[in-house]
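Only one structure is covered here, and it is reproduced in the block below.
When a residue number appears, it is its place in the shown sequence, counting from 1. On a predicted model such as this, the values are computed, not experimentally measured, just so you know.
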Amino acid sequence: RRQRQMCIRDRHTAGAVRIGMVARQLFGRQPEKAEVILHGSFAATGKGHGTDRALIAGLLGMMPDDMRIPDSYEVAKDMGMDFVMKNKNIKGAHPNTAQIIMEAEGVPQMKIQAHSIGGGRICVCKLDGIDVNFSGESCTLIIRNVDEPGRIMEVAAAPVSYTHLT
């Protein structure tokens, strides 16, 4: 019980849960596989502060005040989500950074990098290797374009195909 209370109140944990939640939302579903990479203070204090379990909890759709956060590893196993936790130095990254690589059948792999800025707030800074900057606190439009021959011509021709009404 004490572990649960500490985990939920910890400043690293609220942000870490939100990082996992936003990653899951961007992915569109619970991943079947996840590789979670911790950097800086997330790596140094991850297990002690419950950051590792909080990130997994977010990927499972748990909220920051969910009492199951300390048990998220077991919940992930029960829900069929495989994951690997790693520590790694990420050049130029904020000290409270996590990278999450998600996979599921029928869904393109997605890699997100985000960091906790305190008070449960986060900043997503990379999405599939592209620099971005959003918090997930408000609606954000993200378009994942597949670059293929003829796509730009199709978009450029679109206004021509509309009938002008006067």
Side-chain angles (χ1 to χ4, degrees), residues 1-130 132-138 140 142 144:
R1 199 150 192 90
R2 186 167 191 267
Q3 179 187 11
R4 289 175 193 259
Q5 291 170 347
M6 287 173 52
C7 183
I8 291 166
R9 284 194 294 237
D10 187 271
R11 64 184 170 89
H12 283 278
T13 306
V17 173
R18 293 236 21 252
I19 290 170
M21 288 171 53
V22 168
R24 177 189 170 113
Q25 288 174 330
L26 290 169
F27 194 58
R29 62 178 284 193
Q30 177 184 301
E32 294 169 5
K33 294 181 183 178
E35 179 180 343
V36 180
I37 300 165
L38 303 177
H39 164 80
S41 64
F42 267 11
T45 63
K47 284 187 183 266
H49 286 256
T51 305
D52 54 344
R53 293 178 182 274
L55 287 159
I56 298 302
L59 289 173
L60 295 170
M62 293 182 197
M63 300 300 286
D65 61 350
D66 195 307
M67 296 302 287
R68 299 172 298 160
I69 292 172
D71 303 320
S72 63
Y73 282 12
E74 294 77 18
V75 175
K77 184 178 178 183
D78 292 344
M79 294 178 75
M81 187 179 85
D82 294 326
F83 65 90
V84 176
M85 301 293 296
K86 297 180 179 179
N87 290 344
K88 179 180 174 185
N89 185 32
I90 303 168
K91 187 176 178 179
H94 185 282
N96 295 333
T97 294
Q99 279 184 352
I100 304 173
I101 302 166
M102 298 165 285
E103 297 179 17
E105 189 161 334
V107 181
Q109 181 188 70
M110 180 180 278
K111 181 177 181 179
I112 181 176
Q113 181 173 313
H115 56 267
S116 174
I117 58 175
R121 296 183 325 265
I122 67 165
C123 178
V124 178
C125 53
K126 285 191 186 284
L127 184 59
D128 289 332
I130 299 169
V132 297
N133 184 358
F134 63 93
S135 67
E137 292 177 14
S138 57
T140 304
I142 298 178
R144 294 181 80 190

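Rounding to the nearest 0.5 angstrom, the gap separating the CG atom in L60 from the CG atom in D71 is 11.5 Å. With values rounded to the nearest 0.5 angstrom, S116 atom OG is found 8.0 Å from I122 atom CD1. Atom CG of D52 is separated from atom OG1 of T13 by 9.0 Å, given to the nearest 0.5 angstrom. One finds the CD1 atom of I100 at 11.0 Å from the CD atom of E35 (value rounded to the nearest 0.5 Å). To the nearest 0.5 Å, atoms NZ (K88) and OG1 (T97) are separated by 12.5 Å. Expressed to the nearest 0.5 Å, how far CG of N133 lies from SG of C125 amounts to 8.0 Å.
Put simply, the side chain of T140 gets close to the backbone of S138: a donor and an acceptor are under 3.5 Å apart. Checked by atom type and distance alone, the side chain of S72 pairs as donor or acceptor with a backbone atom of I69 at under 3.5 Å.
Side chains of M81 and I56 form a contact here, defined as non-hydrogen atoms less than 4.5 Å apart. Contact annotation: the side chain of S135 never approaches that of C123 to less than 4.5 Å [non-hydrogen atoms, C-beta and beyond]. At least one side-chain heavy atom of N89 sits less than 4.5 Å from a side-chain heavy atom of H39. By the 4.5 Å heavy-atom criterion applied to side chains, M110 and D128 are counted as neighbours. The side-chain heavy atoms of M85 and R53, taken from C-beta on, include no pair separated by under 4.5 Å. Counting heavy atoms from C-beta outward, M102 and K111 have side chains that stay 4.5 Å or more apart. Contact annotation: the side chain of Q99 approaches that of I90 to within less than 4.5 Å [non-hydrogen atoms, C-beta and beyond]. Looking only at side-chain heavy atoms (C-beta outward), I117 and N96 stay at 4.5 Å or farther from each other.
Closest heavy-atom contact between A14 and G120: CB-CA, 3.8 Å. In this structure, P64 and V17 approach most closely via the heavy-atom pair N-CG1, 3.6 Å.
When the side chain to side chain contact (heavy atoms under 4.5 Å, CB included) test is applied to R29, the partners found at least two apart in sequence or on another chain are F27, E32, A104, V107. Taking the side chain to side chain contact (heavy atoms under 4.5 Å, CB included) definition, one finds that A43 meets it with L38, N87, sequence neighbours left out.
Residue V36 is tested with V84, L55, T51, I19 for a side-chain contact (heavy atoms from CB on, under 4.5 Å); the sole match is L55.
Using a 30° and 60° split on the angle between ring planes, H115 and H94 fall in the parallel class, below 30°.
In the displayed structure, M63 atom CE is contacted under 6.0 Å by at most 12 heavy atoms of other residues, nucleotides or ligands. Within 6.0 Å of the NZ atom in K126, the count of heavy atoms belonging to other residues, nucleotides or ligands exceeds 12.
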- Message: Does M62 form a side chain to side chain contact (heavy atoms under 4.5 Å, CB included) with V75? I'd like the steps, not just the answer.
- Response: CA-CA 10 Å; M62 293 182 197; V75 175; 3.8 Å; yes
